[in-house]
Amino acid sequence: MIQRIAVLTSGGDAPGMNAAIRSVVRCGVAKGWKTFGVRNGFQGLINGTMEPLGTREVGGIMHRGGTVLGSARCDEFKTIEGRELAIRNLNQRGIDALVVIGGNGSQAGANALYEMGFPVVGIASTIDNDLVGSDITIGVDTALNIALEAIDRLKVTASSHQRAFIVEVMGRNCGYIALMSGLAGGAEAITLPEVKTDPEQLAKELHKAYEQGKAHAIIVAAEGAEYNASRLTEYFAENRERLGFSIRSTTLGHVQRGGAPGAYDRILASRLGHGAVEAIDREEFGVLVGLNGNNIITTPYKMIAGKVKTLDPKVIELTQILD
């Protein structure tokens, strides 16, 4: 019988994590459970830094970006001895189940605990949207809107000076943010880790747009693309006379993580938090809680372990048609 649960956030912070924490705590309270918050992710499990969280403790956090519980890297957790210590600390506090809010690496850690016999449920949260088991993850919508606002603003100044702007967005291994923000922002080109870029062809397309009288050009580059902002800027600097446009680059970086969550992420996080509590109540462990269509679903860790969600080739094709 479930009486005590714990919740932690791990990996890169994502707008909406606090709404998920709030939902887990309050839905747990509604079932008569006692909930503990783990400080600084898996490091908190190693250190045993857990504290009771009730309805009042999570009041006023839904609108805040980041995570009030904190997140930290923990090499010790990667060892069997570290995970055994984490489980020992959970057991000493009488924790019956753990909720892990985070992305691929975080869920891999959660699965490692589950495989050692501890009841765990995951909540899909990463701005990269590369987690198998959820159509969209916590933080994606807000990060996209932050990137889009920057693209729109840069387009205005680019038009004033007949410039091309390279806008680098986050996405080390996954180009989802670059793809979708480029599509929504009407970018002339998008570079992705998943798709090979021909800089020569890109230069020709920019020159053609300039000759046709276009006042600006926007290129959205994922940070992990072969031709990210740095490499594109270097290439274009060596071929400036062939472009027409003068080139500037802007790297958005972690500003995409730091925004207050929008309505969509607050609602999604609240629903996923509720879904995690319901999974625990059913004693359905070793699963990731995500969104499929408009339904909250659970996917066993064994079906997502080692997998990364790929970009939709139809959306990639659409951006190529529309640019």
Side-chain angles (χ1 to χ4, degrees), residues 1-45 47-72 86 89-103 106-107 109-110 113-114 118-126 134 137-139 142 260-285 287-291 296 298:
M1 182 179 176
I2 302 298
Q3 293 182 319
R4 293 186 169 201
I5 64 172
V7 57
L8 65 80
T9 53
S10 174
D13 59 300
M17 277 185 162
N18 288 327
I21 295 168
R22 174 181 180 271
S23 180
V24 169
V25 171
R26 293 194 171 186
C27 290
V29 168
K31 291 186 179 294
W33 302 344
K34 191 167 186 178
T35 304
F36 289 77
V38 181
R39 292 286 177 185
N40 299 319
F42 293 117
Q43 185 66 58
L45 292 182
N47 297 338
T49 49
M50 310 175 204
E51 57 192 50
L53 292 179
T55 300
R56 292 190 64 183
E57 283 78 15
V58 295
I61 69 171
M62 178 184 266
H63 66 285
R64 293 168 60 182
T67 162
V68 295
L69 290 178
S71 180
N89 285 332
L90 287 164
N91 288 333
Q92 284 177 353
R93 286 163 178 76
I95 304 299
D96 299 306
L98 173 68
V99 177
V100 174
I101 305 169
S106 304
Q107 301 308 330
L113 282 181
Y114 174 68
F118 197 85
V120 183
V121 172
I123 292 178
S125 174
T126 167
S134 191
T137 53
I138 294 170
T142 301
Y264 185 89
D265 277 320
R266 299 184 198 192
I267 294 167
L268 175 63
S270 298
R271 294 185 68 195
L272 295 185
H274 175 254
V277 169
E278 290 300 309
I280 292 172
D281 197 34
R282 296 191 300 268
E283 297 190 2
E284 182 185 2
F285 303 118
V287 297
L288 177 73
V289 180
L291 183 73
I296 302 301
T298 57

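Atom set for the values below is all heavy atoms of this structure, side chains included, hydrogens, waters and symmetry mates excluded. Positions are given from 1, in the same order as the sequence printed here.
- How far NZ of K31 is from CD of Q3: 14.5 Å, rounded to the nearest 0.5 Å.
- The nearest pair of heavy atoms linking A19 to A269 is CB-CB, 3.7 Å.
- In terms of heavy-atom proximity, V38 sits nearest to A6 at CG2-CB, 4.1 Å.
- Between A110 and V120 the shortest heavy-atom distance is CB-CG1, 3.6 Å.
- Note that OG1 of T137 and CG of L268 are 8.0 Å apart. Values are rounded to the nearest 0.5 Å.
- With a 4.5 Å cut-off on side-chain heavy atoms, V99 and L8 do not count as touching.
- A donor-acceptor contact closer than 3.5 angstrom links the side chains of T142 and D265.
- For E51, the side-chain hydrogen bond (donor to acceptor under 3.5 Å, both in side chains) partners two or more places apart in sequence, or in a different chain, are R39.
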side-chain contact (heavy atoms from CB on, under 4.5 Å) evaluation trace for D281 with I2: CA-CA 7 Å; D281 197 34; I2 302 298; 5.6 Å; no
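- In this structure, CD1 in I21 is found 13.0 Å from CD in E57, a value given to the nearest 0.5 Å.
- Atom CE of M1 is separated from atom CH2 of W33 by 9.5 Å, given to the nearest 0.5 angstrom.
- Using a 4.5 Å heavy-atom cutoff, the side chains of H274 and I296 are not in contact.
- Among the candidates D13, T9, L69, T67, the single residue satisfying the side-chain contact (heavy atoms from CB on, under 4.5 Å) test with N18 is T67.
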In sequence, state the C-alpha distance, the side-chain angles, and the governing distance for M17 and V68, and then conclude on side-chain contact (heavy atoms from CB on, under 4.5 Å). CA-CA 9 Å; M17 277 185 162; V68 295; over 6 Å; no
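- Closest of all the heavy-atom pairs between G48 and N89 is N-ND2, 3.7 Å.
- Residue R64 places its CZ atom among 12 or fewer non-hydrogen atoms of other residues, nucleotides or ligands, all under 6.0 Å distant.
- Contact check for V121 versus V289: side-chain heavy atoms found under the 4.5 Å cut-off.
- Contact check for I95 versus F118: side-chain heavy atoms found under the 4.5 Å cut-off.
- In this structure the side chain of L45 reaches within 4.5 angstrom of the side chain of L113, judged on heavy atoms.
- Under 3.5 Å, the side chains of S23 and S270 contain no donor-acceptor pair of N or O atoms.
- For the pair L53 and K34, the minimum side-chain heavy-atom distance is 4.5 Å or more.
- Side-chain contact between V100 and F42: present, with at least one pair of heavy atoms (C-beta onward) separated by less than 4.5 Å.
- Nearest heavy-atom pair across G11 and S106 is N-OG, 3.5 Å.
- Taking R26 as the reference, R22, T55, V58 meet the side chain to side chain contact (heavy atoms under 4.5 Å, CB included) condition, with sequence neighbours excluded.
- Between the CD1 atom in I101 and the CD atom in Q107 there is a gap of 9.5 Å [rounded to 0.5 Å].
- F285 approaches A97 most closely through the heavy-atom pair CE2-CB, 3.9 Å.
- Within the 4.5 Å cutoff, side-chain heavy atoms of L291 are placed close to those of S134.
- Remark: T35 engages no residue in a side-chain hydrogen bond (donor to acceptor under 3.5 Å, both in side chains) (not counting sequence neighbours).
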